[in-house]
There are 2 protein chains.
Amino acid sequence: MPENIATSEAGSPLYLRVRDQLAEQIERGEVTANIKLPSERVLAERFETTRVTARLALAQLEAEGRIYRSNRRGWFVSPPRLIYNPTEDYSFSDNAVTQGRLPRTETLEVRCTVASAWLAGKTGLETGDPVVLVRRRRYLDERPVLVENIYLNSRHLPGIKGFDFNRSLWKLLRDQYSVDLVQKKIEMFPTALVDPQASALSVNAGTAGLCVNRCSRDAAGVFVEFDEEFWLHDTLSIQVNVA
Amino acid sequence: MPENIATSEAGSPLYLRVRDQLAEQIERGEVTANIKLPSERVLAERFETTRVTARLALAQLEAEGRIYRSNRRGWFVSPPRLIYNPTEDYSFSDNAVTQGRLPRTETLEVRCTVASAWLAGKTGLETGDPVVLVRRRRYLDERPVLVENIYLNSRHLPGIKGFDFNRSLWKLLRDQYSVDLVQKKIEMFPTALVDPQASALSVNAGTAGLCVNRCSRDAAGVFVEFDEEFWLHDTLSIQVNVA
DNA sequence: AAGTGGTCTAGACCACCAC
DNA sequence: TGGTGGTCTAGACCACTTG
């Protein structure tokens, strides 16, 4: 049975009225976190319109962070955002568990390489200085939510390449090297995810994301690590306190 | 003369190849900041495709923050992002000028009201406590880039309603009330802009944005102001230092 | 008045995923 | 194998902006 939309007052475009109806159903809890929405074809029929218009409505809800898509499996309701304070020493896993989520970390790659001009500019290293690159992917409730490139100062952290990176990096540095990260420079901006990050997260190129870069030094001001994080835009809320 | 795209290897979807060609032209400087792109119909013809596909390519570049649209006037190349540190006492104007931009502030509304339950939860006020609401819109080079709702503790700031809000709020508090904002709690998350913020910025509902909330207190911990900012996503880069 | 983006129709074929 | 989203065509009319 079609919804009473196509026949309603046309005060706003059809795709926004479809959006509002879907949003209402989500808020009423008729569909809840991680539940699949009806298919685009079914929605188009239900609202007596075409797939193009149904997709416009879905794109709106996706942009607002209310729903997300998974591969070609369909559209799902987004769970609450993870609260994340990038200024603090940080265990992704502890933080997720505290918020009632199931975290998982995959180490995609560990490789010795040298600093690019871009990295040198960000860190104060010289171009060509040795660094260890660690690429990780992190999940919440089995949904991949971020990929990151970590560049470690290998001169300052001998033997770092041999450790297990599926655990908290901050704890590793503290326990194995007695390094405290006390100086941080953090940069954040919203942007679309493109390859290779989009592929790594199994989303389409152009999916909205948040890029978080963090440059950390020890108490003496020596560069320790640079972290480049690519988050799906609907999965996090940044919180920072200044005292 | 059509670009050599439709005939090129179809390793990726057409709209991504169109995106790449346009991105290249932007990077080569053939079109630069605030320059208008060819119309969607011209692009469709040039790349031997339809408007729908051309719009997909443009939407990609918009999501990446490379271009933006202005009403029904066309698509324009985005200028560099404004670097913004929300943890510091902050003059929008000074910051913009330092970065070579032309700032402007409009006060849309100044109104006495009372704290909602939502605001009470964010600030520690009681629901119903008196506050002054200031709504402002801010421009960079005559492009509106953010709207904000400022809630001021009117008990703590007698007579605040009478001042000029087109200048820096922080300077106003310092000069007129000798208040230093030393405790701040900041929250940021990417989301789509919807009405009324979208209308206030003359963009379509669903345009990508960044919401920045800031709760500031004085040295004694008394609530002074809560600021709710809605930025266009391609206009800013957040930078924070932790020492 | 002409041109622009905004919205919408009614289809089509493809790649991938689950059954 | 059938259903899903992903991509794409070839048009249409409308609202608004600009000359």
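All values below were derived from every heavy atom in this structure, side-chain atoms included, with hydrogens, water molecules and symmetry-related copies excluded. Labels below follow one simple rule: chain letters A, B, ... track the order of the sequence lines, proteins then strands, and each chain is numbered from 1. Keep in mind the model is a prediction, meaning the values are calculated, not measured.
- Judged purely by distance below 3.5 Å, without hydrogens or angles, the side chains of A:Asn213 and A:Glu228 never pair a donor atom with an acceptor atom.
- Taking atom CG on B:Leu14 and atom C1' on C:dC13, their separation rounds to 15 Å, with Å as the unit.
- The interatomic distance linking B:Gln60 (CD) with D:dG6 (P) rounds to 12 Å, in whole Å.
- Between B:Glu62 atom CD and C:dG5 atom C1' the separation is 12 Å, expressed in whole Å.
- B:Tyr15 has a side-chain polar atom (N or O) that falls below the 4.0 Å cut-off from OP1 or OP2 of D:dT7.
- Separation of the A:Tyr84 and A:Phe92 ring centroids does not fall under the 6.0 Å cut-off.
- B:Leu169 pairs in a side-chain contact (heavy atoms from CB on, under 4.5 Å) with only one of the listed residues (B:Asp227, B:Ile150, B:Thr105), which is B:Ile150.
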Enumerate all atom pairs, one protein N or O and one N or O from nucleotides 1-5 of chain D, separated by less than 3.5 Å.
| residue | atom | partner | partner atom | Å |
| --- | --- | --- | --- | --- |
| D:dG5 | OP2 | A:Glu40 | N | 2.8 |
| D:dG5 | N7 | A:Arg41 | NH1 | 2.8 |
| D:dG5 | O6 | A:Arg41 | NH2 | 3.0 |
| D:dG5 | N2 | A:Arg72 | NH1 | 2.8 |

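- Proximity of B:Thr53 to the phosphate of D:dT9: a side-chain N or O atom is located under 4.0 Å from OP1 or OP2.
- Counting to the nearest Å, the P atom of C:dC8 and the CD atom of A:Glu48 are 14 Å from each other.
- Between B:Tyr139 and the choices B:Arg137, B:Arg143, B:Glu142, the side chain to side chain donor-acceptor pair (under 3.5 Å) rule is met once, by B:Arg137.
- Over its full length, the helix from C:dA1-D:dT18 to C:dA18-D:dT1 turns its helical axis through 10°, comparing axes from the five pairs at each end and rounding to 10°.
- Atom CD of B:Glu45 is separated from atom P of C:dT4 by 11 Å (rounded to the nearest Å).
- Contact annotation: B:Thr49 reaches the phosphate of D:dT9 (side-chain N/O to OP1 or OP2, under 4.0 Å).
- For the 3.5 Å distance criterion, the side chains of A:Tyr15 and A:Arg17 fail to qualify, holding no donor opposite an acceptor.
- When the options A:Arg135, A:Arg136, A:Arg214, A:Gln197 are evaluated for a side chain to side chain donor-acceptor pair (under 3.5 Å) with A:Glu148, the one that passes is A:Arg136.
- Side-chain polar atoms of B:Ser202 and B:Asn71 form no donor-acceptor pair below 3.5 angstrom.
- Partner of B:Phe163 under the side-chain contact (heavy atoms from CB on, under 4.5 Å) criterion, out of B:Leu172, B:Val132, B:Val134: B:Leu172 alone.
- A donor-acceptor contact closer than 3.5 angstrom links the side chains of A:Trp75 and A:Glu40.
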